[in-house]
Number of protein chains: 2
Amino acid sequence: MKLTGYQQNFILHFGEMGSRWGINRTVGQLYALLFISEDPVNADQMAEGLSMSRSNVSMGLKELQSWQLVKLQHIPGDRKDYFKAPDDIWLIFQTLAEQRRQREIDPTITMLRGALLEPVPVSAPDDPDRYARQRMGDMLELIEMLTGWFAEVQQLDRSTLEKLMRLGGGVRRVLDVSHKFRRDGVVEADKTGEG
Amino acid sequence: MKLTGYQQNFILHFGEMGSRWGINRTVGQLYALLFISEDPVNADQMAEGLSMSRSNVSMGLKELQSWQLVKLQHIPGDRKDYFKAPDDIWLIFQTLAEQRRQREIDPTITMLRGALLEPVPVSAPDDPDRYARQRMGDMLELIEMLTGWFAEVQQLDRSTLEKLMRLGGGVRRVLDVSHKFRRDGVVEADKTGEG
DNA sequence: CTGAATTTTCAGGAAAAAATGAAAATACTA
DNA sequence: TAGTATTTTCATTTTTTCCTGAAAATTCAG
């Protein structure tokens, strides 16, 4: 597994960014390598190409598999496991976003719901947790709105999604007009009229 | 600075999640404390309430200020610095998203642009970097589409934004109809018609 | 200016995370 | 099923990150 300087540059960058992305250098480098490799790669090749121990590759691959970011393949006549990143970069992005939601947001939603479910002792006017409760409620509301939106948008087909993206801020104009066509009251007419 | 069990629960959670969010425990706890505190808090109070050293608080606050997530205030007759999280939780979210973009995505955009600018040696059919170039181009295209979209949507006023969120996947229906009103060719008519 | 109050810096120790090599486990072939 | 190829596990070492206390720097009242 020989890597060109061009490829190494990309791989090193992903390794360094790893810490900011909540993954370690190894995992970042492994994924970068898979991402730019047209053919599937086996663990020995990765260890050699990235100059790291075989066991480190094994742990890194395990991590990547738990993120569902790699596909396992087999090559006829070869007993080794070969790995590949999905061809579809949109799919990679969606998987990444979905996994980060599960790891970074869901636990907080659970905590907030639990805390807000606790009954207020006597709802005394001097409740020391009054403000905390309110803030936690605000936070939960925002997170639920955002994650709910994301979940729905994730269902959209590729072309609709790209259309929405390219529309950008122009979505405001479309939204302004949309109340004329609403069917089920989801859309509220906007009377602020700054357009 | 006395904290109730209710408040401590929230603060501890943020501390533990910190590592997943790319901040350390201290910073997570500090922000959680500020977030649920109605009145501004000074550094000594934080150190006491969170049982950590005064110097640790100082470093944590420096970090939070670099994220522009705290507001500095002064209380008449008191020389200490007091800190507060913004009241507006939408603003907090936007700041967070903006800062993460700068730290986690912008460096990669820069790297990709630089790499893709490099001229292909002789465009030989056996260019070993052919596939890597293509993949990096695909990645840059997706990232630019997403960040560009995000930048535009960030400009929208609060009520339009909430409207878009609550619309969720229903945006497809609105998009379908929008081509009737397009002004500048950004919107492509969709003939797949699965509605 | 002086000195007290307050905040910041930073070297060094503590804790956490990552990486390694050896051994164990697993999977497969003959 | 014996033997080999391959992968995984895990105790240990290495590296990185975090936290602290002491000292330095800054701010401000008198």
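Proteins get letters first, then strands, A, B, ... in listed order; numbering begins at 1 in each. Since this is a predicted model, take the numbers as computed values, not measurements.
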Answer with base, sugar-phosphate or nothing: what part of the nucleic acid does [X] contact at a heavy-atom distance below 4.0 Å?
X        : answer
Asn56(A) : base
Thr26(B) : sugar-phosphate
Asp81(A) : sugar-phosphate
Met59(B) : base

Does Lys62(A) put a side-chain nitrogen or oxygen below 4.0 Å from OP1 or OP2 of dT7(D)?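 Lys62(A) to dT7(D) OP1/OP2: no side-chain N or O under 4.0 Å.
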If you compare every side-chain N and O of Arg25(A) against the phosphate oxygens of dA19(C) (OP1, OP2), does one of them come in below 4.0 Å?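 Affirmative; the distance criterion is met.
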When you measure only distances, ignoring hydrogens and angles, does the side chain of Ser53(B) come within 3.5 Å of the base of dG21(D) through a donor and an acceptor? no
Check: dT20(D) base within 3.5 Å donor-acceptor of Arg54(B) side chain: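 In this structure, the two groups form no donor-acceptor pair.
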Within 45° of the axis and under 6.0 Å from the centre of the six-membered ring of Trp21(A), does NZ or CZ of Arg100(A) qualify?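 No cation-pi geometry.
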Could you tell me the separation between the [atom1] atom of [X] and the [atom2] atom of [N], rounded to a whole number of Å?
X        : N       : atom1 : atom2 : value
Lys80(B) : dA5(C)  : NZ    : P     : 9 Å
Arg20(B) : dA17(C) : CZ    : P     : 11 Å
Tyr82(A) : dA5(D)  : OH    : C1'   : 13 Å
Asn24(B) : dC18(D) : CG    : P     : 5 Å
Glu63(B) : dT17(D) : CD    : P     : 13 Å

Between Arg103(B) and Gln99(B), do the side chains contain an N or O donor and an N or O acceptor separated by less than 3.5 Å?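 Yes - a donor-acceptor pair under 3.5 Å links their side chains.
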Classify the ring geometry of Trp90(A) against Phe93(A): parallel below 30°, tilted from 30° to 60°, perpendicular beyond 60°. perpendicular
The residue, Val27(A) or Arg79(A), whose nearest nucleotide of DNA chain C is more 5′ is Val27(A)
One thing to verify: whether Glu38(A) and Arg130(B) come together as a salt bridge, which I'm taking to mean a side-chain N less than 4.0 angstrom from a carboxylate O.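 Counted as a salt bridge, because a side-chain N and a carboxylate O are separated by less than 4.0 Å.
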